[in-house]
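Taking it in order: structure first as structure tokens, then the write-up.
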Amino acid sequence: MKTVSENACFGGVQGVYSHEAETTNCEMTFGLFLPAEAAQGPVPVLWYLSGLTCTHENAMVKAGAQGWAARHGLALVFPDTSPRGAGVADDEAFDLGQGAGFYVNATQDPWRKHFRMWDYVADELPRLLFNGFELDEERQAITGHSMGGHGALTLAMGLPGRFASVSAFSPICHPTQSDWGRKQFTAYLGTDQSGWTGHDASLLMAEHGFGGPVLIDTGTRDQFIDLLMPEALAAAIATRRQPAEFRMQPGYDHSYFFVATFMRDHIKFHADALRD
């Protein structure tokens, strides 16, 4: 692991690190905020998964998360959204290829050599983090925005017992029925749709639910709301009778202005769950 940068931040350290990843067969970069409490011992961890076209850097510099995390003594992990590099498959479209890993393990060419973001976020990066930093593996929570909200929800439900809580900002809720999902799943996973269902938050919620608290925020003026399909997740939550707070925020769009506005709520929500 290489240190790209480390900066003092709200009494702690905002670091950026890179490493050669076995799962994605390329160099990966991630951000990690450690609060001051990490100098005394392991601290709880909140994962933040970013959306389409983003890198580790977007939320790290735009979401206003570190100050709120510092108040609660939480570490923040900001993974990248896909493998990258000259030898990594890509597409001219912004919603496929580099910057658009969709947090799945690709099984189809030319994607399967590198696009194993589920294994990277679920297995390889956690092993690196918990071996290298003062982080409490028993206290983890997860959140994300847009494609990252999809990833946060599917990882939380797909890895029972891993995360104490899950939240999402403007998540892609029903990708098996949306153009933000069907296109990418076909490319990465193939045409057999039985392999898609484990990556659809609405289907997972209706069938399995989540064993902890859930918080969802979506703006009523989100320019991508028809692709996000929040109504599908709301219906699944109701069908499952899942304890959850599902909020449609009047006037807000899909931007990081929206994410930053409600970041305090989300970090407090996770901090409360991680204390229980």
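Residue numbers start at 1 and run along the sequence shown. In what follows, every heavy atom counts, from backbone to side chain, and hydrogens, waters and symmetry copies are set aside.
For the pair Y17 and E6, the minimum side-chain heavy-atom distance is below 4.5 Å. Side-chain contact between H145 and Y256 is present, with at least one heavy-atom pair separated by less than 4.5 Å. Residues C9 and L34 are not in side-chain contact: their nearest non-hydrogen atoms beyond the backbone lie 4.5 Å or more apart. Taking 4.5 Å as the limit, every side-chain heavy atom of L49 sits out of range of all side-chain heavy atoms of T143. No side-chain heavy atom of H199 sits less than 4.5 Å from a side-chain heavy atom of L204. Side chains of W196 and R182 form a contact here, defined as non-hydrogen atoms less than 4.5 Å apart. F210 has its side chain out of reach of L153: every pair of non-hydrogen atoms, C-beta onward, lies at least 4.5 Å apart. No side-chain heavy atom of V77 sits less than 4.5 Å from a side-chain heavy atom of F133.
Remark: Q223 CD is packed, more than 12 non-hydrogen atoms of other residues, nucleotides or ligands lying under 6.0 Å away. With a 6.0 Å radius and a threshold of 12 heavy atoms from other residues, nucleotides or ligands, R247 has its CZ atom above the threshold. Within a 6.0 Å radius of NZ in K183, other residues, nucleotides and ligands contribute more than 12 heavy atoms. Remark: F257 CZ is loosely packed, at most 12 non-hydrogen atoms of other residues, nucleotides or ligands lying under 6.0 Å away.
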Check: What do the steps show when you test R112 against D109 for salt bridge (charged side-chain N to carboxylate O under 4.0 Å, His left out), and what is the final call?
Finding: CA-CA 6 Å; R112 61 181 173 180; D109 288 330; 2.8 Å; yes
Next item on the list: For side-chain contact (heavy atoms from CB on, under 4.5 Å), just list the numbers for F224 and S146, CA-CA rounded to whole Å, side-chain angles, deciding distance to a tenth of an Å, and then say yes or no.
Entry: CA-CA 9 Å; F224 304 112; S146 192; over 6 Å; no
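Aromatic ring orientation, F30 versus H19: perpendicular (interplanar angle above 60°, classes split at 30° and 60°). The aromatic rings of H266 and H270 lie tilted to each other, with the angle between the two planes from 30° to 60°.
Under the 4.5 Å side-chain contact rule for hydrophobic residues, L128 and W118 share a cluster. In terms of hydrophobic clustering, with Ile, Leu, Val, Met, Phe, Trp and Tyr side chains grouped at heavy-atom distances under 4.5 Å, L46 and Y103 are assigned to different clusters. When hydrophobic clusters are built by joining Ile, Leu, Val, Met, Phe, Trp and Tyr residues whose side-chain heavy atoms come closer than 4.5 Å, directly or via intermediates, V121 is grouped together with L52. Y188 is connected to L227 through a chain of hydrophobic side-chain contacts under 4.5 Å among Ile, Leu, Val, Met, Phe, Trp and Tyr, so both are in one cluster. A chain of hydrophobic side-chain contacts below 4.5 Å, direct or via other Ile, Leu, Val, Met, Phe, Trp or Tyr residues, connects F246 to M157.
Smallest separation of non-hydrogen atoms from A89 and P110: CB-O, 3.6 Å. Nearest approach of H150 to P171, heavy atoms of both residues: N-CB, 4.0 Å. The shortest non-hydrogen separation linking R162 to P126 is NH1-CG, 4.3 Å. Closest of all the heavy-atom pairs between Q184 and D179 is OE1-O, 3.5 Å. For the residue pair P250 and T220, the shortest heavy atom distance occurs at CA-OG1, 3.3 Å. Contact record, G11 with A36: O-CB, 3.4 Å, taken as the closest heavy-atom pair.
Note: M117 CE to T81 OG1 = 6.5 Å, rounded to the nearest 0.5 Å. Atom CG of D80 is separated from atom CG of N58 by 9.0 Å, given to the nearest 0.5 angstrom. Between the OG atom of S82 and the CD atom of Q98 there is a distance of 5.5 Å, given to the nearest 0.5 Å. Atom-to-atom distance recorded for Y120:OH and N25:CG is 13.0 Å, nearest 0.5 angstrom.
A salt bridge links E27 to K2: one of the charged nitrogens lies within less than 4.0 Å of a carboxylate oxygen.
Looking at D222 and H254, their side chains do bring a donor and an acceptor atom within 3.5 Å of each other. A side-chain donor-acceptor contact under 3.5 Å links D200 and T176.
When hydrophobic side chains of Ile, Leu, Val, Met, Phe, Trp and Tyr are connected at separations under 4.5 Å, L215 ends up clustered with F269.
With respect to W47, the side chain to side chain contact (heavy atoms under 4.5 Å, CB included) criterion is satisfied by exactly one of L129, V166, L76: L129.
Ring centroids of F10 and F33 are separated by 6.0 Å or more, keeping the two rings apart.
Judged as a side-chain hydrogen bond (donor to acceptor under 3.5 Å, both in side chains), not a single pair has a partner in residues 227-245 (not counting sequence neighbours).
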